[in-house]
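The block underneath contains the structure these notes are about, expressed in structure tokens.
All figures in this text were calculated on a predicted structure; none of them were measured in a lab. So that the names make sense, note that chain A is the first sequence line, chain B the second, and so on, each numbered from 1. Basis for what follows: all heavy atoms, side chains included, without hydrogens, waters or symmetry-related copies.
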There are 2 protein chains.
Amino acid sequence: MNDMTIGEAANRSGVSAKMIRHYETIGLIATPARQENNYRTYGAGDIHRLRFIRRARALGYPVATIRQLLTLWDDTNRSSADVKQLAQAHAAAMRRKIAELDAMARTVEYLAAACAGDHRLDCPILEDLIVNSQQSAAVARDDGDLAHPVSMVNMGSAA
Amino acid sequence: MNDMTIGEAANRSGVSAKMIRHYETIGLIATPARQENNYRTYGAGDIHRLRFIRRARALGYPVATIRQLLTLWDDTNRSSADVKQLAQAHAAAMRRKIAELDAMARTVEYLAAACAGDHRLDCPILEDLIVNSQQSAAVARDDGDLAHPVSMVNMGSAA
DNA sequence: ATCGACCTTCCCTCTATGGGAGGGTCAAGG
DNA sequence: CCTTGACCCTCCCATAGAGGGAAGGTCGAT
């Protein structure tokens with residue numbers, strides 16, 4: 001049953017070989033058996049688990065939470081309340097981040113709308129950055145609780 | 001006029017001393033003059049610039065964009081159209097991220113609502129993770145354009 | 001024999017921020 | 001004069017999640 005190489009496992013699970021190795025080193029998945037040539041071998045069960053992880057990542061679950069979900073998945077004595085709790089906490093965290101982003105987006109959009117966007121150099125956007133530079137951000141602080149060290153949002157790109 | 005130490009500059013600008021040094025190494029701010037004891041010295045102009053940066057970060061601008069904004073700020077031949085363009089691109093990027101997060105949050109909320117949350121182990125959330133593990137994410141792919149290598153969302157925390 | 005497609009490990013990069021070690025500087029107070 | 005404490009300095013490390021790429025082993029087919 002343990003017959004797939006990491007490449008096949010990647011294809012079937014949708015998780016890249018690189019990430020499969022990574023999940024192994026951080027202990028999300030078990031250390032796989034090796035062939036004589038030292039190649040990792042995976043079976044149907046591993047693919048299942050990898051797909052579970054991929055789906056959970058696609059739903060935005062951080063790896064730390066996925067670890068808990070996998071534990072619950074394996075636990076035949078689990079109660080659905082635990083799973084639900086994780087889901088609700090995750091949804092709430094996403095809602096918080098959305099509110100934060102939305103507040104920033106609204107401010108930027110407001111400023112952009114107020115900017116003529118012509119050849120002149122007067123610009124309300126730069127004015128704001130200069131003048132309002134004493135206030136804190138819109139919703140830049142994440143409200144304690146389960147908050148992480150990083151409070152400001154990191155946009156992937158913008159220009 | 002150049003009389004402040006980095007600590008004072010941090011207090012007055014709201015940017016931590018650590019980050020002031022960091023912005024210096026990545027070239028966001030100029031290399032400051034030093035005292036005889038090798039301490040950095042800052043003046044009113046530096047504080048102004050640091051506040052500008054802080055405000056821009058609070059609005060979610062990535063550092064790369066702030067670099068451009070600072071260039072425009074310094075440029076007395078700038079046209080407001082350039083600044084507006086940066087703002088609109090940034091707002092659009094945030095809106096894209098919000099849509100992505102919202103799609104994920106709605107899915108997770110839907111699943112959580114469908115989960116009894118009691119002592120039993122049946123759970124639609126885990127079912128989804130297992131069953132739907134072949135589909136890609138809700139809106140997990142960011143649509144080309146200005147997209148970065150990272151397509152999935154990284155939540156700061158969730159549980 | 002050799003080519004190409006795999007696999008292995010190890011290290012580096014990205015974003016933005018902070019922690020902490022190990023050591024220098026300086027003013028106040030004993 | 002010396003200590004204490006509050007600064008400052010420069011490095012290195014860590015975070016989260018993914019990927020790039022080098023240097024080398026393995027294997028099947030030509």
**OP:** Would you please name every residue forming a salt bridge (charged side-chain N to carboxylate O under 4.0 Å, His left out) with A:Asp122, sequence neighbours left out?
**Re:**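 Salt bridge (charged side-chain N to carboxylate O under 4.0 Å, His left out) check on A:Asp122 returns nothing, list empty.
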Original post:
Which residues satisfy the salt bridge (charged side-chain N to carboxylate O under 4.0 Å, His left out) test with A:Asp118, sequence neighbours excluded?
Top reply: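 A:Arg120.
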**OP:** Report yes or no: does B:Ser79 contribute a side-chain atom to a donor-acceptor pair with the main-chain N or O of A:His119 at less than 3.5 Å?
**Re:**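 Not at all, since once roles are kept as given, no pair shorter than 3.5 Å links the two residues.
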Subject >> Divergence of helical axes at both termini of the helix from C:dA1-D:dT30 to C:dG30-D:dC1 - five pairs an end, 10° steps >> reply: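 Its terminal axes enclose an angle near 40°.
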Original post:
Does B:Arg40 place a side-chain N or O at less than 4.0 Å from the phosphate oxygens OP1/OP2 of D:dT10?
Top reply: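 For D:dT10, OP1/OP2 do have a side-chain N/O of B:Arg40 under 4.0 Å.
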**OP:** Could you tell me whether the phosphate oxygens of C:dC7, OP1 or OP2, come under 4.0 Å of any side-chain nitrogen or oxygen in A:Thr5?
**Re:**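 Checking C:dC7 against A:Thr5, a side-chain N or O does come within under 4.0 Å of OP1 or OP2.
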Rounded to whole angstroms, how far apart are [atom1] on [X] and [atom2] on [N]?
{"X": "A:Arg54", "N": "D:dG17", "atom1": "CZ", "atom2": "P", "result": "17 Å"}
{"X": "A:Ile66", "N": "D:dA18", "atom1": "CD1", "atom2": "P", "result": "8 Å"}
{"X": "A:Met4", "N": "C:dC6", "atom1": "CE", "atom2": "C1'", "result": "17 Å"}
{"X": "B:Tyr61", "N": "C:dT15", "atom1": "OH", "atom2": "P", "result": "19 Å"}
{"X": "B:Asn11", "N": "D:dA6", "atom1": "CG", "atom2": "P", "result": "15 Å"}

Subject >> Pairs where residues 21-33 of chain B contributes a residue and the test side chain to side chain donor-acceptor pair (under 3.5 Å) is met, not counting sequence neighbours >> reply: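 Listed by first then second residue: B:Glu24-B:Arg40.
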My understanding is that only residues two or more places apart in sequence, or in another chain, count here; which of them pass side chain to side chain donor-acceptor pair (under 3.5 Å) with [X]?
{"X": "B:Asn77", "answer": "none"}
{"X": "A:Gln35", "answer": "none"}
{"X": "B:Thr5", "answer": "none"}
{"X": "B:Arg49", "answer": "B:Asp74"}

Original post:
Which salt bridge (Lys or Arg N to Asp or Glu O under 4.0 Å) pairs, counting each pair once, include a residue from residues 60-69 of chain B, with sequence neighbours left out?
Top reply: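 Of all non-adjacent pairs touching residues 60-69 of chain B, none passes salt bridge (Lys or Arg N to Asp or Glu O under 4.0 Å).
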Original post:
Can you list every pair that meets salt bridge (Lys or Arg N to Asp or Glu O under 4.0 Å) and has a residue in residues 106-115 of chain A, with sequence neighbours left out?
Top reply: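 Non-adjacent pairs meeting salt bridge (Lys or Arg N to Asp or Glu O under 4.0 Å): A:Asp102-A:Arg106, A:Glu109-B:Arg95.
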Subject >> B:Ile29 and B:Leu70: CA distance, side-chain angles, deciding distance, side-chain contact (heavy atoms from CB on, under 4.5 Å) verdict >> reply: CA-CA 9 Å; B:Ile29 58 178; B:Leu70 286 169; 5.8 Å; no
Subject >> Within residues 14-33 of chain A, residues whose heavy atoms come under 4.0 Å of DNA chain D >> reply: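 A:Ser16, A:Lys18, A:Met19, A:Tyr23 - these, ordered by number, are the residues of the stretch whose heavy atoms sit under 4.0 Å from the strand.
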Original post:
Could you run down nucleotides 25-30 of chain D 5' to 3' and tag each one B, S or - for protein heavy-atom contact under 4.0 Å?
Top reply: BBS---
